[in-house]
Amino acid sequence: MTENNFKGIPASDGIAVGRVFCYSPVELTIPVCAAGSVDEEMARFDTARERARVELQGLYEVIERRAGKKDASIFEAHQQMLSDPALEGKIREFVEIGQTVEQALVQATEELASLLSGMNDELFAARAQDVKDVGRRILRILLGLPDTALGAVVQPSIIVAEDLTPSDTASLDPKLTLGFITAQGGLTSHSAILARTLGLPAIVGMGDVLLDRVSNGTFIVMDGRTGEMIVEPDAETVAHYKQIKVQRDSHLQILKAAAEKDAFTANGRRVEVAANIGEVASARDAMEHGAEGIGLLRTEFLYLEDTQPPSEEKQYQIYCEIFEVMCGRPVIVRTLDIGGDKPPSYLPFPDEMNPFLGWRAIRISLDEPELFKTQLRAILRAAVGHQARIMFPMVSDLDELRRARDIVDAVKRDLAIASVGFAFDVPVGIMVETPAAAVLVDVLAEASDFFSLGTNDLTQYTMAVDRGNAKVSGLFQPLHPAVLRLIRHTIDAGHSKGKWVGMCGELAGMTKAIPILLGFGLDEFSMSARAIPEAKDLIGKLTDEKAREIASQAMSFGTAAEIENYMKGILASL
Ligand code: PEP
Ligand code: MG
């Protein structure tokens, strides 16, 4: 690494070469002037709030069109915050003691945000960010300033910022954004997720060095695949990266066209390559990228977008639409996986020291049978004439699985008694995402028709590392030998019981893992749609024998770094 080369966390694949636009949020200076009457100040607040609502609705619509409902839902949450009585009450309190609405707003949002971030919980800390984001928006409107400084980007640029809020990321114009790099943020930050959905190169967590070394107009190269940034590269480096970019773009186009065909290993073994999706828009994207099915339909967006749980009818309509888009291909519908970092407002969530170890996923479904039954009814009804499967998240015990299956049977009985049409023979399986489930696969096989490895949580629980905590992100190693042993055991034990074993965790779409997983005999790889063409190509280059050799060599190493290093060499040789 030379003094002009820097490395951050690679957050979204792709290369960009261009000039930097340094984004720093507009300085909002509160004018010193006398406050009007309480009614006058509160009326100004109301007008600004309405304007903010219109802006947020606009952002919601833009992101919904570009990336789907799930990514857009943050702006719905911001709209709800505008009507938060706690915020309005606090502002009124300050106005009543003689402050202008601008001063009152700043003080009120600061108090609310510090209350939330003082709770020492990642989720509340994120809410604190949202409160600040909403407060800034109203203040900017009160000051009569334009929507965002990102509006000043007039030529294609690489956006560099301390951090990007969801509102910032949403205002990026894809035609003018070559990619972005942030000093803060981790792989699971909103901006990183959105970048992957939109296909924008992104690097996050570069650290303070970023803003020390680049400013407006600095010429840089960024590689979202490796996390590298090169400042003021020489002509040779630029030519090199431009060439890689052109080759890569055309290679991806070729792979995308080839991905229409089903995946086979070089010796002709059929391997399913499917997509992970969260809603109808991404089902269409999955089809365009060659998905042979849906290995994971995350249904939680339905439970998080509103202040009440979704009705059976609403769910039925959405599932039907997704099944239809997938034209008879298999779709695995995961039942609600809420709790952890995704608690909806309408359930009585306890104060939890460790929400990821707490009231989450299947545990909630078993404790809230009516909520669970509503979802199961919708899935079973929508599944008529389609290849649907039901999958339970976060199972760690046979009794838990038996109870969940009993509820499925009870729902079927109720539907039959009520003469409502439903699919009787929908396979029911589980995610293997707790070490307990991985170790117990042979036992769980009694009540599970199939297994799908959830390596995001399996890594989190095996390595005892919070998957959303940037401070320990270096320990989140899905290619760690401990995780790989559990994966291999799950596949072997599942197969010995005659069960199909897939994988829907992020690892399934990582080229550095695919040869190993193929060597373990994994039946299905489910990943983000954009990763499919490359995955299919890689699978087609490997025989099972070669993959087994690679897997066995990889398993001889003692650390994730050694395995990654070995796999780098393998990928370069293919
Ligand atoms: C997983 O844990 O690997 C998984 C696919 O589920 P989620 O990321 O939704 O928890
Ligand atoms: Mg999971």
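Atoms within a ligand are numbered from 1 in the order they appear, just like the ligands themselves. None of these values were measured; they are calculated from a predicted model.
Ring-centre distance between Phe451 and Trp500: not below the 6.0 Å cut-off.
Looking at heavy atoms from C-beta onward, Ile550 lies out of side-chain contact with Gln553 at the 4.5 angstrom threshold. In this structure, Ile487 and Leu517 have side chains that are in contact, with non-hydrogen atoms separated by less than 4.5 Å. With contacts defined as side-chain heavy-atom distances shorter than 4.5 Å, the pair Thr265/Leu542 does not qualify.
Taking backbone and side-chain atoms together, Glu433 has an N/O/S atom less than 2.8 Å away from the Mg ion (ligand 2).
In this structure, a donor-acceptor pair under 3.5 Å is present between the side chains of Gln315 and Tyr303. Looking only at atom types and distance, the side chain of Tyr319 has a donor-acceptor partner in the side chain of Gln375 under 3.5 Å away. Between the side chains of Glu562 and Asn565, no donor-acceptor pair is found at a separation under 3.5 Å.
Assignment of Gln460 to the shell around ligand 1 is not supported, since no heavy atom sits closer than 4.0 Å.
In Arg360, the part holding a heavy atom less than 4.0 Å from any atom of ligand 1 is the side chain. For Leu296, every heavy-atom contact with ligand 1 shorter than 4.0 Å involves the side chain, none the backbone. Contacts between Met527 and ligand 1 below 4.0 angstrom, taking non-hydrogen atoms only, are absent altogether.
Those atoms of ligand 1 that come under 4.0 Å of a heavy atom in Met431, given as number and element, are 4 (C), 5 (C), 6 (O). Interface of Arg467 with ligand 1, defined as ligand atoms under 4.0 Å from a residue heavy atom, comprises 2 (O), 7 (P), 8 (O), 10 (O). Within ligand 1, counting atoms from 1 as listed, the ones closer than 4.0 Å to a heavy atom of Gly505 are 3 (O), 5 (C). Near Cys504, with a cut-off below 4.0 Å to any heavy atom, the atoms of ligand 1 are 5 (C).
Between Glu506 and ligand 1, not a single N/O pair is under 3.5 Å apart.
Asp457 contributes OD2 as its N, O or S atom closest to the Mg ion (ligand 2).
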- Task: Would you sort out whether Asp130 and His78 count as a side chain to side chain contact (heavy atoms under 4.5 Å, CB included), showing the intermediate values?
- Result: CA-CA 7 Å; Asp130 290 333; His78 280 199; 3.2 Å; yes
